[in-house]
Structure formats: C-alpha cells, structure tokens
Trainee: 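What follows is a single structure, and I will ask about it in a moment.
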There are 2 protein chains.
Amino acid sequence: MRIDDESLKGLLRARGLRVTEPRVAVLAYLASTDRHPTAEDVETAINANGQVLSRASVYNVLHSLTRAGLVAGMSVTDGAARYDAHVAPHHHLLCRTCGRVEDVPWQDFGIAERGVLPDGRSVRTLALTLDGVCNACC
Amino acid sequence: MRIDDESLKGLLRARGLRVTEPRVAVLAYLASTDRHPTAEDVETAINANGQVLSRASVYNVLHSLTRAGLVAGMSVTDGAARYDAHVAPHHHLLCRTCGRVEDVPWQDFGIAERGVLPDGRSVRTLALTLDGVCNACC
DNA sequence: CCGCTCGTCTGGAACTATTCTAAATCTCGT
DNA sequence: ACGAGATTTAGAATAGTTCCAGACGAGCGG
C-alpha cells in the first residue's frame with residue numbers, strides 16, 4: 001500500500017501546503033494503513049522508522065492535513081481521536097465489543113439526494129458513525 | 001419540562017439502581033433540557049441549585065445512568081462528552097459552524113429494516129451523528 | 001425502627017489527550 | 001542564495017476524565 005513520496009508531495013502542493021518531512025511521513029503512514037490510528041499511533045509508527053517527530057508536530061501536521069482535506073479525523077466515545085487518509089466518502093462502523101473502527105462502503109442512505117433533513121436543516125456531509133458489531137466479534 | 005422526582009425515583013428503581021440524591025438531581029436536570037450538556041454543565045447546573053456535587057460524582061452518576069440505559073452519552077470531535085436523557089431513538093446533527101448538537105427526529109434510513117450492512121456486518125443501534133449545519137447558522 | 005453491609009459519594013491526586021509557547025529551523029518565492 | 005513567513009520542536013500548560021481511600025447512606029433482615 002506504499003505510495004511513493006513524490007505523489008504525496010504532489011498532493012500537499014496541490015492543496016497549497018508546504019512540503020515538509022513530517023507531513024510526508026504522516027501522510028505516507030496514514031495512506032499505508034486501513035486501521036484508524038490515533039495521534040499516538042502515528043507518532044510511534046513514524047519514530048520507529050528512525051525519524052524523530054515530536055508529539056506537538058504530530059498534532060500540527062494532523063491539523064494541517066485535516067484542514068486541507070487530505071485526512072479526516074473522527075472521535076470515538078472512549079479515548080483518543082482517530083485519523084484516516086481515505087477521504088473518499090465512506091462511513092465508519094464502531095464495534096461495541098472490541099472498539100475497533102471499520103470502514104463501511106459508502107452508501108447514500110437516502111439523505112444526500114435531498115441534502116436536507118425533512119425539517120429543512122441541511123446536512124453537509126454524510127460521514128456517519130454506525131454503532132454495531134464487527135465481523136471479528138459478531 | 002420538570003418531571004416530578006417520584007417518577008424519576010421509580011425509573012431508577014426499575015433499573016435496579018439505588019435512589020440517591022445525586023442521581024435524582026442529575027436525571028432531573030438532563031430530563032429538563034434539550035441541550036446536550038457536558039459533565040461540567042451538569043455539575044454547574046446542579047450546584048447552582050444549592051446542592052454540592054463533586055466532579056467525580058457527576059461522572060459516577062453519568063456512568064451508572066448510562067449503564068442503566070437512562071441516559072446516553074455521545075462524543076463530538078472537539079471537547080467534552082455530552083449527555084442526553086432522551087433515550088428514545090433519535091439522531092444528532094452536529095453543527096459544523098457553531099458546534100451545537102441538535103436532535104434529529106428518528107428515521108430509519110433504510111438500515112434498520114435489515115439490521116445488517118450489505119456486506120453482512122450487523123448494526124445494533126441507529127444513533128447516527130450527522131455532520132451538517134443547524135438552522136441558526138445555516 | 002435498628003443495625004449492618006455494600007454500593008455510592010467525596011475531594012484530591014493522577015492520568016491521558018491535546019494545545020500552547022517561544023525559540024530554532026526550514027521551505028520556497030524572488 | 002536570501003529573506004519572510006510558515007513549520008517544527010521540547011517542554012510546560014490545560015482540559016477532560018478516572019482513580020483512590022475513606023466517609024457516608026440506601027435498603028435489607030431482624
């Protein structure tokens with residue numbers, strides 16, 4: 001799943017972000033996994049590669065990537081925020097049993113075609129967090 | 001929206017929880033508002049009534065009420081968990097602009113009638129968090 | 001109604017996730 | 001290559017939550 005650094009740098013530039021080593025490293029790591037790592041996971045994984053990345057930088061980078069739309073952050077009820085480089089629309093299934101976060105293929109549950117709720121409020125995105133039980137646990 | 005304490009005590013007893021002053025106070029407060037207060041909001045509101053409730057107790061009580069199914073906790077991306085005594089099924093609209101959490105009338109978006117996702121994973125609850133913009137901000 | 005037991009409450013310390021700060025460093029347009 | 005301004009860094013600070021050990025009190029049996 002390793003994406004070459006040049007493509008990643010291109011992504012960063014395309015969004016008007018300066019290309020820095022921490023940003024490339026974080027983006028490469030997030031793009032390489034389908035788990036939904038926490039900030040701490042990101043820091044650990046990158047520092048395991050010999051690089052040194054401070055905790056504060058992990059957050060800085062995650063924030064700038066999020067603002068640029070290159071990664072998406074999500075919060076689960078217990079503990080730390082989780083990040084995800086798959087920004088194509090999809091949903092998340094939060095497993096009640098093991099706490100794992102699994103991706104759910106995107107489907108329009110009948111909301112987006114309207115873009116508004118029946119009472120008129122607008123829904124801008126369709127990133128839903130479903131509460132359920134994953135295959136491993138069922 | 002004030003519900004008399006006797007009904008609340010009955011609710012607690014029905015769930016096998018001991019009836020204590022903090023529990024009644026927290027439950028009464030949550031039942032009286034359609035905002036989605038944080039633990040701190042709960043503490044502030046109750047202590048404003050002359051009672052004294054420690055921070056730890058607020059969490060104790062919220063946890064026991066949640067375990068008993070009398071209130072539901074939810075986490076939003078930024079900041080503190082929020083609680084809600086309206087446990088009838090409904091969704092939440094998280095406003096991107098002002099951060100407010102609004103209730104959305106329950107609707108089966110075509111998921112529950114199956115109870116499973118197309119790929120077979122089961123979905124246990126339908127408490128969805130929608131990402132959008134509330135009426136006040138639109 | 002009384003006393004006992006165990007669940008609950010309390011204040012404070014501890015812990016975890018995140019943000020802030022101020023200085024050093026680096027990117028990139030010129 | 002230079003300089004302006006963005007980014008990184010380590011460490012301190014903050015916010016939200018949990019843990020702890022002791023005091024308290026709800027509700028059972030008598």
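Every chain is numbered from 1, with letters handed out A, B, ... down the list of sequences.
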Trainee: Between Thr20(B) and Tyr83(B), name the one whose nearest nucleotide on DNA chain D is closer to the 5' end.
Mentor: Tyr83(B)

Trainee: Going by distance alone, is a donor N or O of one side chain under 3.5 Å from an acceptor N or O of the other, for Asp41(A) and His36(A)?
Mentor: no

Trainee: Taking only N and O in the side chain of Ser54(A), is any of them less than 4.0 Å away from OP1 or OP2 of dT8(D)?
Mentor: no

Trainee: Return whichever of Arg13(B) or Arg55(B) has its heavy-atom-nearest nucleotide of DNA chain D closer to the 5' end.
Mentor: Arg55(B)

Trainee: What's the CD-P distance between Glu21(A) and dC28(C), to the nearest Å?
Mentor: 13 Å

Trainee: Quickly work out the Leu17(A) CG to dA6(D) P distance and round it to whole Å.
Mentor: 13 Å

Trainee: How close or far is atom P of dT27(C) from atom CZ of Arg15(A), stated in whole angstroms?
Mentor: 22 Å

Trainee: In Å, rounded to the nearest 0.5 Å, how long is the span from NZ of Lys9(B) to CG of Leu11(B)?
Mentor: 12.5 Å

Trainee: Could you give the CG-to-P distance, from Leu62(B) to dG16(D), as a whole number of Å?
Mentor: 14 Å

Trainee: Base, sugar-phosphate, or nothing for Arg23(A), non-hydrogen atoms under 4.0 angstrom?
Mentor: sugar-phosphate

Trainee: Heavy-atom distance under 4.5 Å between the side chains of Asp84(B) and Val101(B), does that happen here?
Mentor: no

Trainee: Considering only side-chain heavy atoms of Ala56(A), which listed nucleotide, dT9(D), dC28(C), dC6(C), is closest?
Mentor: dT9(D)

Trainee: Taking the side chain of Glu40(B) as heavy atoms from C-beta outward, which of dT8(C), dC9(C), dG16(D) is closest to it?
Mentor: dG16(D)

Trainee: Kindly point out which of dT17(D), dT10(C), dA10(D) is positioned nearest to the side chain of Ala81(B)?
Mentor: dT17(D)

Trainee: Classify the nucleic acid contact of Ser57(B) as base, sugar-phosphate or nothing, counting any heavy atom under 4.0 Å across all strands shown.
Mentor: base

Trainee: Take the protein atom CZ of Arg82(A) and the nucleotide atom C1' of dT16(C), then report the distance between them rounded to whole Å.
Mentor: 14 Å

Trainee: May I ask you to verify if any side-chain N or O of Tyr59(B) is less than 4.0 angstrom from the OP1 or OP2 atom of dT17(D)?
Mentor: yes

Trainee: Output the rounded distance in Å from CG (Leu53(A)) to C1' (dG11(D)).
Mentor: 15 Å

Trainee: Answer yes or no: is there a donor N or O on one side and an acceptor on the other, between the side chain of Asn49(B) and the main chain of Gln51(B), under 3.5 Å?
Mentor: no

Trainee: Rounded to whole angstroms, how far apart are CG on Asn60(B) and P on dG25(D)?
Mentor: 16 Å

Trainee: Respond yes when some side-chain nitrogen or oxygen of Thr38(B) is under 4.0 Å from OP1 or OP2 of dG16(D), and no when none is.
Mentor: no

Trainee: Taking atom P of dC26(C) as reference, at what distance in whole Å does atom CZ of Arg18(A) sit?
Mentor: 13 Å

Trainee: Is the shortest side-chain N/O distance from His63(B) to OP1 or OP2 of dT8(C) below 4.0 Å?
Mentor: no

Trainee: Would you mind telling me which of dA6(D), dC9(C), dT8(D) lies closest to the side-chain atoms of Val61(A)?
Mentor: dT8(D)

Trainee: Carefully, step by step, assess Thr20(A) and Leu12(A) under the rule side-chain contact (heavy atoms from CB on, under 4.5 Å).
Mentor: CA-CA 9 Å; Thr20(A) 68; Leu12(A) 290 169; over 6 Å; no

